[in-house]
Amino acid sequence: CKTRPTDLVFIVDSSRSVRPSEFEQVKVFLTNVINGLNVGPNATRVGVVNYASRVKNEVSMKTHRTKIALVKAVSKIEPLSTGTMTGSAIQFALNVAFSEAEGARAKSPDVSKVAIIVTDGRPQDNVKDVAQRARDAGIEIFAIGVGRVDLTTLRQMASEPLDDHVDYVESYSVIEKLTKKFQEAFCATSDLCATGDHDCQQVCISTPGSYKCACKDGFTLNNDGRTCSAPCGNAAIDAVFVIDGSKSVRPENFELVKKWINQIIDKLEVSEKNAHVGLVQYSSTVKTEFPLGQYNNKKALKEAVKKMDYMERGTMTGLALHHTADNVFNIAQGARPGVQKVAIVFTDGRSQDYIGDAAKKAKNLGLEMYAVGVGNALESELKQIASEPIGDHYFYTADFKAMSEIAKKLQINKCNGEDPCECDSLVKFQKKVEDALQALNKKYILYESMSKRIALLENKIV
């Protein structure tokens, strides 16, 4: 897509806590974002500010006006490897990098001013006041935090709404996965929903530079992300959430996970006869938060999810899978015989134990396994957990805030095969046919028996 005219400055932390190999990954992230932009004097102009204890203007907006030159300049940036003076870096960007002398354009409603801050630590100076001055000057600030970053600081720097302007990743190795978000943030295409330039079956919702599909009330979005299905009605299902509560998740993200669980529960027909839901949390140990069937209405069920306490220890995913297969999906714990059984496994990192045997065991017992990963979750482990077809049972996002999109795509209460109403009618029709055949068979046997008796009587008379 074409980007609207933008003056963009990257403000990059290269303090001693950022290892050289990690700084290279930041440069890859910058390069990927730049490659998705429409770079030019009348389009997007890019600058890069590098900081630690001191601040250095690495790339000026007036110096490099082509994508090739920008990427080459970014590749040559070296880390400063001292302290973390984030406030000074923002002040420098405000006074110097965004100045007309350095190639920025005069303030205008037709030109966006954007700063993207990447940092992995707690600043050694004040950021709140200087960030406010930058925002007051019309600069839109995105704050990206890595690893042990201070989240309060990120919120003090970022523009509103914070959900759109604050991002967190567990490590520099996954920062590259934020590329698409920022490419789309600068996209200035027309409203594709308004122009009809979309393929949504029912409802089109505009997003920056793109769109997403939704369904009318009572319908469910299919895995293709475009078409909608009617509800399954009274389909019975036993569903258990197996949730990673390890310390890498962090308390604020654990709250997002609980909201995600309740978002999926909202799509189920929770009742005595239909959907039953259980919840398991694991870290270094495993705990059944509540068994299947304990709550038979959505309100009570969602309240129980909200009350779940965060464990905050290790990541024993294999142990959790064994527990789920052996102890959760059994009749003593509320599981119902002959009912579809589904486990939704969520994790944000590498398991500290082996998961292969446990995942295989769960699937061999007939459990339909969904694997959902965020951040540092390993694709290979998620695919080991997921049932076939893996494409329908495996989901990943780099950002906890994007989990709501997975909830929309994840369809655990599916109609298997025909419409249940049609299926019921077919069963009834089949039963009627069988009853009719049995009746005819009885009549034939009776007729045959009567014929034999008549023949015997005739023989006796003769």
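Considering all non-hydrogen atoms of both residues, M403 and W260 come closest at O-CD1, 3.1 Å.
V342 has its side chain within reach of I237: a pair of non-hydrogen atoms, C-beta onward, lies under 4.5 Å apart. Proximity of T288 to V328: side-chain heavy atoms (C-beta onward) are separated by under 4.5 Å at one or more points. For the pair R250/E170, a side-chain contact is recorded, criterion being any heavy-atom separation below 4.5 Å from C-beta on. For the pair V46 and I34, the minimum side-chain heavy-atom distance is below 4.5 Å. You'll find the side chain of I406 stays beyond 4.5 Å of the side chain of Y396, heavy atoms only. Using a 4.5 Å heavy-atom cutoff, the side chains of H165 and L154 are not in contact. Between F10 and V114, every side-chain heavy-atom pair lies at or beyond the 4.5 Å cut-off.
Surrounding CG of N364 are more than 12 heavy atoms belonging to other residues, nucleotides or ligands, all under 6.0 Å away.
Side-chain contact of Q333 with N327: a donor-acceptor pair under 3.5 Å is absent, judged by distance alone. Side-chain contact check for T44 and N38: no donor-acceptor pair (N or O, by modelled atom type) lies under 3.5 Å.
Between D266 and K302 a salt bridge is recorded (basic side-chain N to carboxylate O distance below 4.0 Å). Ionic pairing of E58 and K76 is not present here: no N-O contact between side-chain nitrogen and carboxylate oxygen is shorter than 4.0 angstrom. Using a 4.0 Å cut-off between charged nitrogen and carboxylate oxygen, R148 and D120 do not count as a salt-bridge pair. Using a 4.0 Å cut-off between a side-chain N of Lys or Arg and a carboxylate O of Asp or Glu, E303 and K299 do not qualify as a salt bridge.
Checked against the 2.5 Å cut-off, the SG-SG distance between C213 and C200 falls under it.
To the nearest 0.5 Å, atom CG of residue D392 and atom CD of residue E368 are 9.0 Å apart. Taking CD1 from I116 and CD1 from I141, the interatomic distance works out to 11.5 Å, rounded to the nearest 0.5 Å.
R313 is linked by a side chain to side chain donor-acceptor pair (under 3.5 Å) to T285, counting only residues two or more places apart in sequence or in another chain.
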